[in-house]
Protein chains: 2
Amino acid sequence: MRIGELAERVGTSVKTIRYYDRIGVLTPTERSGSGYRLYGEDAPDRYRFVRAAQAVGLRLGEIREVIALRDRGETPCRFVAELIGARAAELDERIAELEVLRGELRALARRAERLDPRSCDPRLVCHVIDTGS
Amino acid sequence: MRIGELAERVGTSVKTIRYYDRIGVLTPTERSGSGYRLYGEDAPDRYRFVRAAQAVGLRLGEIREVIALRDRGETPCRFVAELIGARAAELDERIAELEVLRGELRALARRAERLDPRSCDPRLVCHVIDTGS
DNA sequence: CTTGACTCTCCCCTGCAGAGGAGGGTTTAC
DNA sequence: GTAAACCCTCCTCTGCAGGGGAGAGTCAAG
């Protein structure tokens, strides 16, 4: 099938499919004589794999490596497991950071309610945000 | 003081201060005859305000609006409180999303341990990641 | 044989917060 | 008077995942 049909079948844009070809995560099976990208029947599944991998936080560059491994005949499972582990650890860190930030925002919101705008120091921008100085 | 001294006093780069001028969050008090940016004594505090506001998740575009409000003689406290509230709500959503994702990653990691690489379907890329099809 | 839909490559644009460097003018100290 | 340090504007680049459009070639139906 050609690029337009593939895009429509999986519900994405032609631009995206071309982009995936360019970065090597979804290359066409072959090219027609006039240069059109031609995709086999497995292309929708490949596309869905890319999307599913993105959905669990893998980046397209990593997905490309997984697919390259696979195309060299290796089973990328261990590599995928490593990527997922790394992403999970990053996620833990990120969530912890955001929770700290959320705590600070809550404190700030309470402070903003308590403070009287008229008590604002004209030399500072806004007393709600503490500059530490 | 000139830009280099300000940058050194607050511990940042000259590039950053120039950028803050360009986007309007930290404009110099005046310019010298030769075009040099000249900053008053309150510049370090203004800079620290910008950084503190960034630290609680405000974007420079929003900080600019806060400062513009302030420079028009208004007290931006209510506006700041709104921004902080909005940011807190976004944060709650984001954290919830990440926690869902973390749960999925955990499940995936367990699945990857259980699965035998040799059981991989050769037509698919990797059975660890479920494409839903 | 022509029209319209489809496709190609190539290049620029987005958001965010700057970093890096070119090519030139200014100030300060010796 | 000159060398070092400082400053200016302007331009491009970063990461990530594409979007928008120009200009040209291709394919199928009527």
Side-chain angles (χ1 to χ4, degrees), chain A residues 1-39 43 46-67 83 86-87 90-91 94 97-98 101, chain B residues 1-39 43 46-67 83 86-87 90-91 94 101:
Chain A
M1 78 192 82
R2 295 192 311 204
I3 196 168
E5 188 184 341
L6 175 56
E8 197 171 358
R9 270 211 217 175
V10 301
T12 189
S13 69
V14 166
K15 279 281 185 188
T16 298
I17 308 261
R18 267 198 213 108
Y19 178 65
Y20 284 5
D21 178 16
R22 188 154 65 82
I23 65 173
V25 297
L26 184 59
T27 48
T29 316
E30 56 171 338
R31 293 275 189 147
S32 77
S34 52
Y36 286 15
R37 289 170 181 84
L38 298 176
Y39 295 88
R46 290 238 167 186
Y47 173 82
R48 279 188 281 270
F49 173 79
V50 174
R51 284 301 189 178
Q54 272 189 294
V56 298
L58 300 192
R59 285 169 282 235
L60 289 174
E62 294 169 335
I63 298 170
R64 176 183 44 210
E65 291 181 55
V66 170
I67 290 174
L83 287 178
R87 203 61 63 241
E90 282 176 27
L91 213 48
R94 186 88 186 108
E97 280 172 25
L98 291 186
L101 184 53
Chain B
M1 77 191 85
R2 294 192 311 205
I3 196 169
E5 188 185 339
L6 175 57
E8 197 171 355
R9 270 210 217 174
V10 301
T12 189
S13 69
V14 165
K15 279 283 186 188
T16 298
I17 308 263
R18 265 196 214 111
Y19 177 65
Y20 283 6
D21 179 15
R22 190 154 65 80
I23 66 172
V25 297
L26 184 59
T27 48
T29 315
E30 54 171 339
R31 292 276 188 146
S32 78
S34 52
Y36 285 15
R37 288 171 181 84
L38 298 176
Y39 294 88
R46 290 238 168 186
Y47 174 83
R48 280 189 281 269
F49 173 78
V50 174
R51 286 301 190 180
Q54 272 190 296
V56 298
L58 300 192
R59 286 169 280 234
L60 288 176
E62 294 169 336
I63 298 171
R64 177 184 43 210
E65 290 183 55
V66 171
I67 290 174
L83 287 177
R87 204 61 63 243
E90 281 177 28
L91 212 49
R94 185 86 186 111
L101 183 53

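Throughout, protein chains are lettered first and strands after them, A, B, ... in sequence-line order, and every chain is numbered starting at 1.
For the pair Arg87(B) CZ and dC16(C) C1', the interatomic distance rounds to 13 Å; values are reported in whole Å. With rounding to whole Å, Ile3(B) atom CD1 is found 16 Å from dG25(C) atom C1'. If you take CG of Asp21(B) and P of dG18(C), they are 14 Å apart, rounded to a whole angstrom. When the P atom of dT7(C) is taken as reference, atom CG of Leu6(A) falls 10 Å away, rounded to whole Å. When rounded to the nearest whole Å, the span between CZ of Arg64(B) and C1' of dA17(C) equals 13 Å. For Tyr47(A) and dA17(D), the OH to P distance is 13 Å, given to the nearest whole Å. As a whole-Å value, the separation of Arg31(B) CZ from dC7(D) C1' is 10 Å. One atom, CG of Leu58(A), and another, P of dA17(D), lie 10 Å apart when rounded to the nearest Å.
Among the nucleotides dT7(C), dC16(D), dC16(C), the one closest to the side chain of Arg59(A) is dC16(D). The Tyr19(A) side chain lies nearest to dG18(D) when the options are dC10(D), dG18(D), dC7(D).
An OP1 or OP2 oxygen of dC6(D) is reached within less than 4.0 angstrom by no side-chain nitrogen or oxygen of Arg37(B). Taking 4.0 angstrom as the limit, Ser34(A) places a side-chain polar atom (N or O) nearer than this to OP1 or OP2 of dC27(D). Under 4.0 angstrom from either OP1 or OP2 of dG19(D) there lies at least one side-chain N or O belonging to Thr16(A). Residue Arg18(B) places none of its side-chain N or O atoms closer than 4.0 Å to OP1 or OP2 of dC6(D).
When all heavy atoms of Pro28(A) and Arg37(A) are compared, the closest pair comes out as CG-CG, 3.7 Å.
Leu6(A) CG to Leu38(A) CG: the interatomic distance, rounded to the nearest 0.5 Å, is 11.0 Å.
Using a 4.5 Å heavy-atom cutoff, the side chains of Leu101(A) and Arg87(B) are not in contact. The closest side-chain heavy-atom distance from Gln54(B) to Val25(B) is not below 4.5 Å.
Residue contacts shown for Ser13(B) are limited to sugar-phosphate atoms, with no base heavy atom under 4.0 Å away. Counting non-hydrogen atoms under 4.0 angstrom, Ile23(A) reaches nothing in the nucleic acid. Among the protein residues, Arg51(B) comes within range of the sugar-phosphate backbone only, with heavy atoms under 4.0 Å from sugar or phosphate atoms but none that close to a base.
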(request) Please step through side-chain contact (heavy atoms from CB on, under 4.5 Å) for the pair Asp21(B) and Ile3(B), ending with a clear verdict. (result) CA-CA 11 Å; Asp21(B) 179 15; Ile3(B) 196 169; over 6 Å; no
(message) Using salt bridge (Lys or Arg N to Asp or Glu O under 4.0 Å), reason through Arg94(A) and Glu97(A) one step at a time and then give a plain yes or no.
(response) CA-CA 5 Å; Arg94(A) 186 88 186 108; Glu97(A) 280 172 25; 3.1 Å; yes
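Not a single donor-acceptor contact under 3.5 angstrom links the side-chain atoms of Tyr20(A) to the base of dG18(D).
Nearest-nucleotide mapping onto DNA chain D: of Arg2(A) and Arg22(B), the residue sitting toward the 5' end is Arg22(B). Nearer to the 5' terminus of DNA chain C, by closest-nucleotide assignment, is the contact made by Leu60(B) (compared with the other of Tyr36(B) and Leu60(B)). For the pair Lys15(B) and Ser32(A), both in contact range of DNA chain D, the more 5′-proximal nearest nucleotide belongs to Lys15(B).
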